[in-house]
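Okay, so here's the structure we're looking at.
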Amino acid sequence: MTLYSPSAVAIGAAEKPQPTGVLFDIRKYSIHDGPGIRTAVFFKGCPLRCLWCHNPESQSFEPELILRPGRCIGCGACEQACPHGAIEVHPQSKTIFTDRARCQACGECTRVCYAEGRQLIGQEYSLEQVWLEIESDLVFYRQSGGGVTFTGGEPMSQRPFLLALLRLCKARGLHTALDTSGYCSWSALDEVRPLVDLFLYDLKLMDDARHRRYTGVSNALILSNLQALSRERHAIRVRIPIIPGLNDDAENLRLSGEFLSQLPALERVDILAYHASAEAKYQNLGREYSLAGLKSPSAERMEEIAATLRAFGLTVGIGG
Ligand code: SF4
Ligand code: SF4
């Protein structure tokens, strides 16, 4: 097989109509989402509502308007551009008020805001648009042992588009990684898994009642899917966000260590420190942030947690 063949191959000429997907970012030169230099493709929409989510703009499946009042210069162009009467400029103070109940997320105001005080998060992409972005970095993947990571949001929630992209990547010999919460049916995962070289699998809480309270969903599917992937000997890296007071207690760490140490194909566990930087994003999206004021765990605390998990025979990294 020829590796990294060019996109002269018409995308899906034989597979029309092509699925489309809603993404909120395509990030190049990523080095934190799997081996080597990667392109990370961010799917919009997630069935979980983790209280600590640091990408709140990823949660809704619909495009959303984000406001950055600090950049606004009060020019009033957005008020003129809005076809739904959702924006008002205060005549004296030049303060901008956006009525989110009226906003239809059409994006007209963002096109006239040269100060980048407003941005529409999420847009529909065709396969070809995403592939062109991926393809432009083939040389970096080859030189670094990198590839493409599908992340979000939850890529499994837009499975037809994910499958089509995975097939394109595999047909051209690219390494693929899937960052997932694992909250989906096994039949869905079973269809996707032959096209995935590495799973980046999130694990949050072992107790189902606490999982429901802090993420909005049960962890039963998440745990059983992880066990099933491991039985099938897929390469898996588990990622645990460490949220002080929510999942860093001795009981949850013990249960996590016991569970993970039973998985036969686990490459490693990465623990990721909570950081409060998302608070401003919630404000800019017009949402409340229920963990306001929560501090990040110290470097010493992260080392302690890593040592606790290593005692179960796991390979544990901090960050990653
Ligand atoms: S167009 Fe942008 S800079 Fe001008 S008033 Fe609107 S938000 Fe502010
Ligand atoms: S996104 Fe559209 S509806 Fe919403 S404020 Fe901007 S112009 Fe108005």
Side-chain angles (χ1 to χ4, degrees), residues 17-28 39-133 150-162 165 216 275-292:
Q18 296 297 329
T20 58
V22 179
L23 307 179
F24 70 95
D25 201 4
I26 299 178
R27 201 171 296 160
K28 318 276 262 183
T39 292
V41 179
F42 289 79
F43 284 61
K44 189 153 163 52
C46 179
L48 276 67
R49 287 292 177 271
C50 304
L51 295 186
W52 54 85
C53 180
H54 65 279
N55 277 338
E57 73 276 28
S58 74
Q59 292 179 335
S60 165
F61 288 90
E62 307 297 330
E64 282 175 286
L65 183 66
I66 196 162
L67 304 175
R68 299 194 185 90
R71 295 192 188 174
C72 173
I73 53 170
C75 70
C78 54
E79 183 187 36
Q80 302 299 318
C82 179
H84 301 284
I87 304 172
E88 259 183 57
V89 183
H90 188 274
Q92 271 89 48
S93 67
K94 300 290 182 197
T95 309
I96 308 300
F97 173 72
T98 301
D99 183 349
R100 287 187 177 273
R102 286 189 171 197
C103 174
Q104 305 287 313
C106 67
E108 290 299 324
C109 58
T110 65
R111 290 184 193 108
V112 298
C113 182
Y114 299 108
E116 298 183 346
R118 325 173 66 83
Q119 186 188 349
L120 198 64
I121 303 288
Q123 71 176 74
E124 192 168 354
Y125 281 79
S126 68
L127 276 181
E128 189 160 17
Q129 282 175 305
V130 182
W131 178 252
L132 286 173
E133 296 285 343
F150 299 98
T151 182
E154 175 51 70
M156 289 296 292
S157 294
Q158 297 187 56
R159 193 155 41 104
F161 195 54
L162 173 65
L165 285 168
H275 50 86
S277 59
E279 195 167 340
K281 284 192 193 175
Y282 283 81
Q283 281 170 7
N284 294 345
L285 284 163
R287 291 202 220 145
E288 293 214 352
Y289 184 54
S290 58
L291 301 186

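For this chain, numbers begin at 1 and follow the sequence in order. Just so you know, these numbers use all the heavy atoms, side chains as well, and skip hydrogens, waters and symmetry mates. In each ligand, atom 1 is the first atom listed, and ligand 1 is the first ligand listed.
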(message) Using a strict threshold of under 4.0 Å (side-chain N to carboxylate O), is an ion pair present between R68 and E116?
(response) no

(message) Does any part of the side chain of R100, heavy atoms only, come nearer than 4.5 Å to the side chain of L67, both counted from C-beta?
(response) yes

(request) Kindly say whether A115 contributes a backbone atom to a donor-acceptor pair with the side chain of R118 at under 3.5 angstrom? (result) no

(message) Is it the case that the side chain of R111 and the backbone of A81 share a donor-acceptor pair, with hydrogens and angles ignored and the cut-off at 3.5 Å?
(response) no

(message) If the cut-off is 4.0 Å to any non-hydrogen atom of Q104, which atoms of ligand 2 fall inside it?
(response) 3 (S), 4 (Fe)

(message) For A105, state whether at least one heavy atom is located under 4.0 Å from any atom of ligand 2.
(response) yes

(request) Just jot down the ligand 2 atoms closer than 4.0 angstrom to any heavy atom of I87, in number order. (result) 5 (S)

(request) Examine C113 and say whether one of its N/O/S atoms is closer to atom 6 (Fe) of ligand 1 than 2.8 Å. (result) no

(message) Ring-plane angle category for F150 and F43, please: parallel below 30°, perpendicular beyond 60°, tilted otherwise.
(response) perpendicular

(message) Quick check against the 3.5 Å criterion: does K44 have a side-chain atom that pairs as donor or acceptor with the backbone of Q123?
(response) no

(request) Distance to 0.1 Å, residue and atom name: give those for the protein heavy atom nearest to atom 1 (S) of ligand 2. (result) G107 N, 3.3 Å

(request) Look at the side chain of Q129 and the backbone N and O of S126, then say whether any donor-acceptor pair between them is shorter than 3.5 Å. (result) yes

(message) Using a 4.0 Å cut-off to any heavy atom of I96, which atoms of ligand 1 qualify?
(response) 5 (S)

(message) Checking a contact table here: which protein heavy atom is nearest atom 8 (Fe) of ligand 1, and how many Å away?
(response) C72 SG, 2.4 Å

(message) Please list, in number order, the atoms of ligand 1 under 4.0 Å from a heavy atom of R118.
(response) 7 (S)

(message) Within this structure, what is the CG-OH distance for the pair L291 and Y282, rounded to the nearest 0.5 Å?
(response) 7.5 Å

(request) Give the numbers and elements of all ligand 2 atoms closer than 4.0 Å to a heavy atom of C109. (result) 1 (S), 5 (S), 6 (Fe), 7 (S)

(message) For atom 3 (S) of ligand 1, what's the nearest protein heavy-atom neighbour? Residue, atom name and distance, please.
(response) I73 N, 3.4 Å

(message) Regarding C82, does it place an N, O or S atom less than 2.8 Å from atom 6 (Fe) of ligand 2?
(response) no

(message) Yes or no: does R102 have any heavy atom under 4.0 Å from an atom of ligand 2?
(response) no

(message) I'd like to know if the side chain of K28 and the backbone of E133 have a donor-acceptor N/O pair within less than 3.5 Å.
(response) yes

(request) Return the residue, atom name and 0.1 Å-rounded distance of the protein heavy atom closest to atom 4 (Fe) of ligand 2. (result) C103 SG, 2.4 Å

(request) For the pair Q104 (side chain) and C106 (backbone), establish whether a donor and an acceptor sit closer than 3.5 Å, ignoring hydrogens and angles. (result) no

(message) If the cut-off is 4.0 Å to any non-hydrogen atom of G76, which atoms of ligand 1 fall inside it?
(response) 4 (Fe), 5 (S)

(message) Among all the protein's non-hydrogen atoms, which is closest to atom 6 (Fe) of ligand 1, and how far away is it?
(response) C78 SG, 2.3 Å

(message) Considering non-hydrogen atoms of the protein only, which is the closest contact for atom 2 (Fe) of ligand 2, and what is the distance?
(response) C106 SG, 2.3 Å

(message) Are the side chains of Q80 and V112 in contact, using a 4.5 Å heavy-atom criterion?
(response) no

(request) Give the atoms of ligand 2, by number and element, whose distance to some non-hydrogen atom of H84 is under 4.0 Å. (result) 3 (S)

